[in-house]
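One structure below.
This one's a predicted model, so the numbers in the text were calculated from it and none came from an experiment. Chain letters run A, B, ... following the sequence lines, proteins first and then strands; every chain starts at 1.
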There are 2 protein chains.
Amino acid sequence: MDGIREKLQKAFARTGLRRTPQRHDVLAWLVRHKRHATAEEIYEAVNRSNQRLSRATVYNALHALVESGLVRPVAVEGAASRFDSTLDRHHHFICDRCGDIEDLAWFDLPGKAMQAAAGGRAVRDVEITLHGTCERCARGKTKHTPNPSKTRGEQKAC
Amino acid sequence: MDGIREKLQKAFARTGLRRTPQRHDVLAWLVRHKRHATAEEIYEAVNRSNQRLSRATVYNALHALVESGLVRPVAVEGAASRFDSTLDRHHHFICDRCGDIEDLAWFDLPGKAMQAAAGGRAVRDVEITLHGTCERCARGKTKHTPNPSKTRGEQKAC
DNA sequence: TCCAATTTTAGATTTAGTCTAAGAATGTGG
DNA sequence: CCACATTCTTAGACTAAATCTAAAATTGGA
């Protein structure tokens, strides 16, 4: 119905990454829920619906998926890394106040300027992250609690 | 001789951040050594030359400095955050293989595209990180060990 | 089918970073 | 110059993130 099965099948085939049930589940969850989840959240969510997989397996699967480009890590200062399916390209916006991560429409970098700055280096990927205040926080809605799990660190109550 | 004292004095004055000896030492070290150091490295380095400051103080100082914009955190997936003086603008390049972080010359984002993508959000800062293979790793020099401290995580021997 | 390589697993371990409560330093108004 | 409130630092305990280990399970191919 959902086509996800086929989509993932293709993705695995394309990258040559061995498709284990565990990797499949992790990727499927990430594709379905476009949240920027931590490894811990994925661990809990996937285990809630399916068979159990261990924490180490979640990390292994995530790393394998990152390695082959199907998943992208979003590192956050002072907090657990979050993960993101790359099946559609996009950039990120991180709110200074509440720490929420939002997707932005993709746009290109000026190729020339980038090449010049990169010099002789081989560039595989470009990561653009905007920082600022999200609309909810700007409006002063204090209820906005984007990371229902342990929101460790900086974020001021918001 | 070095003008750093005055430069920092100005920086503190400009941002209104209280200049404590500890914050000064942390910032001074970051300005002098343009490495992208972890909190732990800073802790060790600063204590090597000067009086002792506690780990908590290093974190406190770093957060205060980040808050007031004098220092920028560089989050890295699966590893300790690194820190960077912002006294000159630049972008980053992170090597997939060895994990090294290099500075790139500053270049601007196409303002229109960015505004369009950001929508109504208030953008404070733009962070551009290129990922790929650094020149040393490309040349296959296996000696390249950029993070002499605990290089935890992904990096293949390189 | 059998073997070698890969993957998963549970649990222990390491490391990053925060928290707490108490004490020190600082700045301000009188 | 003093008193008081505020801010900052500190050590160490604590929490959480992520890795590591060694053993068991699964897989793909000859």
Side-chain angles (χ1 to χ4, degrees), chain A residues 12-13 15-27 36-44 46-47 50-68 70-71 73-83 99 147-157, chain B residues 12-13 15-27 36-44 46-47 50-68 70-71 73-83 99 147-157:
Chain A
F12 278 107
T15 60
L17 182 66
R18 199 142 126 185
R19 200 194 67 92
T20 71
Q22 293 84 350
R23 287 173 186 169
H24 177 95
D25 287 355
V26 168
L27 182 54
H36 303 85
T38 63
E40 181 65 21
E41 286 169 344
I42 297 168
Y43 168 75
E44 284 167 13
V46 173
N47 276 331
N50 280 23
Q51 83 284 14
R52 345 228 102 248
L53 34 168
S54 79
R55 236 165 280 263
T57 300
V58 173
Y59 280 103
N60 289 345
L62 284 170
H63 287 156
L65 291 165
V66 167
E67 192 89 357
S68 58
L70 295 171
V71 163
V74 189
V76 184
E77 206 269 299
S81 287
R82 295 169 175 280
F83 297 86
N147 309 322
S149 63
K150 313 86 213 169
T151 13
R152 174 154 95 145
E154 322 278 70
Q155 32 266 60
K156 288 120 184 151
Chain B
F12 278 108
T15 60
L17 181 66
R18 199 142 125 185
R19 197 195 68 92
T20 71
Q22 293 84 350
R23 288 173 185 170
H24 176 96
D25 287 355
V26 168
L27 182 55
H36 303 85
T38 63
E40 183 65 23
E41 287 169 342
I42 297 168
Y43 168 75
E44 284 166 14
V46 173
N47 276 332
N50 281 22
Q51 82 285 11
R52 343 228 102 246
L53 35 166
S54 81
R55 237 165 277 263
T57 300
V58 172
Y59 280 103
N60 289 345
L62 284 171
H63 287 157
L65 291 164
V66 167
E67 192 90 359
S68 58
L70 294 171
V71 163
V74 188
V76 185
E77 206 268 297
S81 287
R82 296 171 175 279
F83 297 86
N147 310 320
S149 62
K150 312 88 213 167
T151 12
R152 173 154 95 147
E154 321 279 72
Q155 31 267 61
K156 289 119 183 151

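Distance CG (B/Leu65) to C1' (D/dC8): 13 Å, rounded to an integer number of Å. Taking atom CG of residue A/Asn60 and atom C1' of nucleotide D/dC20, one finds them 10 Å apart after rounding to whole Å. Going from atom CD of A/Gln22 over to atom C1' of C/dT6 covers 12 Å, rounded to whole Å. Rounded to an integer number of Å, the gap from A/Glu67 CD to C/dT7 C1' is 15 Å. Following rounding to the nearest Å, B/Leu17 (CG) and C/dT26 (P) show an atom-to-atom distance of 15 Å. A/His24 places its NE2 atom 17 Å from the C1' atom of C/dT8, with the value rounded to the nearest Å. B/Arg23 has its CZ atom 14 Å from the C1' atom of D/dT10, to the nearest Å. Between A/Leu62 atom CG and C/dT7 atom P there is a gap of 15 Å when expressed in whole angstrom units.
Nearest heavy-atom pair across B/Arg23 and B/Leu17 is NH1-CD1, 3.5 Å. Of all non-hydrogen atoms in B/Arg19 and B/Phe12, the two that sit nearest each other are CG-CD1, 3.2 Å. Closest approach of B/Pro73 to A/Glu77, counting heavy atoms only: CB-CG, 3.0 Å. Closest heavy-atom contact between B/Ser81 and A/Gly78: OG-N, 3.7 Å.
Here the side chain of B/Thr20 is nearest to one of D/dT9, D/dA11, D/dA17, namely D/dT9. Comparing atom distances between the B/Tyr59 side chain and each of C/dT18, D/dT10, D/dC8 picks out C/dT18 as nearest. Comparing D/dC8, C/dT8, C/dG11 against the side chain of A/Thr57 picks out C/dT8 as the nearest.
Here B/His63 does not reach the OP1 or OP2 of C/dG17: none of its side-chain N or O atoms lies under 4.0 Å away. Side-chain nitrogen and oxygen atoms of A/Ser81 include at least one within less than 4.0 Å of the OP1 or OP2 phosphate oxygen of D/dA18. Taking only side-chain nitrogens and oxygens, A/Arg55 never comes nearer than 4.0 Å to OP1 or OP2 of C/dT9.
Among residues two or more places apart in sequence or in another chain, the side-chain hydrogen bond (donor to acceptor under 3.5 Å, both in side chains) test is passed with A/Arg18 by none. Scanning for side-chain hydrogen bond (donor to acceptor under 3.5 Å, both in side chains) contacts around A/Ser54 gives A/Thr57, with sequence neighbours left out. Among residues two or more places apart in sequence or in another chain, the salt bridge (charged side-chain N to carboxylate O under 4.0 Å, His left out) test is passed with B/Arg55 by B/Glu40. Under the side chain to side chain contact (heavy atoms under 4.5 Å, CB included) criterion, A/Val58 pairs with A/Ala39, A/Ile42, A/Tyr43, A/Leu53, A/Leu62, not counting sequence neighbours.
Distance check, rounded to the nearest 0.5 Å: CZ of B/Phe83 to CD of B/Glu41 gives 11.0 Å.
Rounded to 10 degrees, the angle separating the terminal helix axes of the helix from C/dT1-D/dA30 to C/dG30-D/dC1, each built from five base pairs, is 40°.
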**Report entry** Reading 5' to 3' through nucleotides 25-30 of chain D, protein heavy-atom contacts under 4.0 Å coded B for base, S for sugar-phosphate only, - for none
**Finding:** --S---

